[in-house]
Amino acid sequence: MKSTLDTTLIHGGLTTDSKTGAVNTPIYQTSTYAQSALGEHKGYEYSRTKNPTRDGIESLIAEIEGAKYGFAFASGMAAIGTVLSLLKSGDKILISDNVYGGTFRIIDKVFSNFNISYAIVDMRDSTLLESSITSDVKALLLETPANPLMSVTSLEKVAKIAKSKNILSIVDNTFMTPYLQNPLSFGIDIVVHSATKYLGGHSDLVAGLVALNNDELAQKIGFLQNSIGGVLAPFDSFLLIRGIKTLGLRMQRHCENAMEIASFLSTHKAVKKVYYPGLKTDIGYEIQNSQARGGGGMMSFELESGYDYRIFFKSTKLITLAESLGGVESLLCHPASMTHASIPKEIREKVGISDNLIRLSVGIEYAKDLINDLAQAIEKSKA
Ligand SMILES: *Cc1c(COP(=O)(O)O)cnc(C)c1O
């Protein structure tokens with residue numbers, strides 16, 4: 001898995017300051033910049049529009065996603081909201097099954113007020129996807145692997161369909177990160193990230209990123225970023241650059257640990273099903289293997305009846321029950337009541353998010369310690 005990307009994570013972007021030679025991107029904690037005469041400045045006028053520390057992270061995400069342009073936002077949702085603002089009244093967007101709850105919410109509850117409609121489509125089914133693209137559909141948005149059932153969709157197929165129908169394709173690449181998967185290389189138009197997760201990597205900041213190649217689209221997104229103003233602050237830009245330096249090491253360990261835990265869970269008598277695309281037995285394995293450089297650190301599993309998930313969640317000692325994912329520490333989550341609570345119960349059950357489903361963000365601790373913790377919590381949850 002090691003590649004030149006490991007080097008780019010450390011040396012990419014604008015890591016040196018030409019004025020001082022500082023090895024790390026300095027934090028330019030300023031809102032404004034002196035102008036020497038009317039209309040004369042050094043390229044920076046106001047920090048919502050442009051800030052040198054934000055320039056650092058924006059050029060870095062572009063470089064590691066294989067993109068021409070990068071944009072940094074105050075959160076993943078600010079990034080997604082800004083990208084969706086490309087749509088106009090009367091437009092329709094297709095979203096894949098099981099998109100992040102907040103993404104569903106902003107489309108269902110906010111953009112619907114601006115007469116932008118949506119439909120949920122299982123994009124693994126190319127025929128269904130193609131027939132769902134009516135003349136009002138202007139964009140599609142998907143996650144792969146998708147939260148929380150880790151269902152895998154072919155990026156190449158989706159990109160091809162979107163291109164043939166002349167609509168915009170958007171991929172939320174949060175779960176894979178640019179270290180494991182680069183959607184633009186398959187012909188996807190726009191990549192979005194919640195950098196709060198693996199890219200930041202330490203559960204100590206909230207941030208969002210966008211990467212793309214198209215000049216005209218990038219100009220529109222730059223305009224929207226400045227107009228809406230949900231930009232990433234200088235200090236958080238610095239923290240994110242710092243986090244990304246170790247992304248390669250962390251993702252390698254996340255993948256190794258997840259593989260060990262998935263193997264352990266899949267042979268456990270209390271576990272009904274494991275959803276992890278790194279397992280050869282997983283339904284999405286073939287496609288995952290063809291488009292990503294690993295299974296990632298996210299998995300879900302379903303307890304057999306006879307085991308009480310509420311007791312399980314109370315019984316882990318090392319692994320914390322919390323929202324979010326992608327940090328160095330392992331976290332557990334109950335999708336039905338946490339990340340996917342904003343999705344109506346009927347839709348939730350239809351797509352397979354049962355109350356017995358447990359999502360695990362596998363951290364970079366010693367795998368055996370994690371396995372022991374899961375084993376004792378499962379044992380305690382036996383009714
Ligand atoms: C967390 C998350 C988001 C939202 O990002 P925030 O940084 O919390 O605003 C979007 N997509 C996915 C897949 C996420 O996990």
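Just so you know, ligand 1 is whichever comes first in the structure, and atom 1 is the first atom listed for that ligand.
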For M77, the ligand 1 atoms whose distance to one of its heavy atoms is below 4.0 Å: 4 (C), 5 (O), 6 (P), 9 (O)
Residue S75 vicinity, atoms of ligand 1 by number, heavy atom under 4.0 Å: 7 (O), 9 (O)
Taking distance alone, with no angle check, do [X] and ligand 1 share an N/O pair under 3.5 Å?
X	value
G76	yes
T103	no
E143	no
F175	no

Main-chain N/O of S315 paired with D373 side-chain donor or acceptor, under 3.5 Å: no
Which residue and atom name correspond to the protein heavy atom nearest [atom], and how close is it?
atom	result
atom 5 (O) of ligand 1	S194 OG, 3.0 Å
atom 7 (O) of ligand 1	T196 OG1, 2.6 Å
atom 4 (C) of ligand 1	Y100 CE2, 3.4 Å

Polar contact flag, side-chain donor to acceptor under 3.5 angstrom, N51-Y33: yes
pair H11-E63: side-chain heavy atoms closer than 4.5 Å: no
Ion pair check, E349 and K345, cut-off under 4.0 Å: yes
Nearest-option assignment for atom 2 (C) of ligand 1, heavy atoms, candidates H193, M176, E323, K197: K197
Nearest-0.5 Å distance, OG of residue S337 to CD1 of residue I353: 11.5 Å
Atom pair OG/CG of S266 and L279 - distance to nearest 0.5 Å: 5.0 Å
Min heavy-atom dist D172 to ligand 1 below 4.0 Å: yes
Within-shell test, A207 vs ligand 1, heavy atom, strictly < 4.0 Å: yes
K138 NZ/CZ over F111 ring centroid, <6.0 Å and within 45° of normal: no
Ring centre gap for Y309 and H334 strictly below 6.0 Å: yes
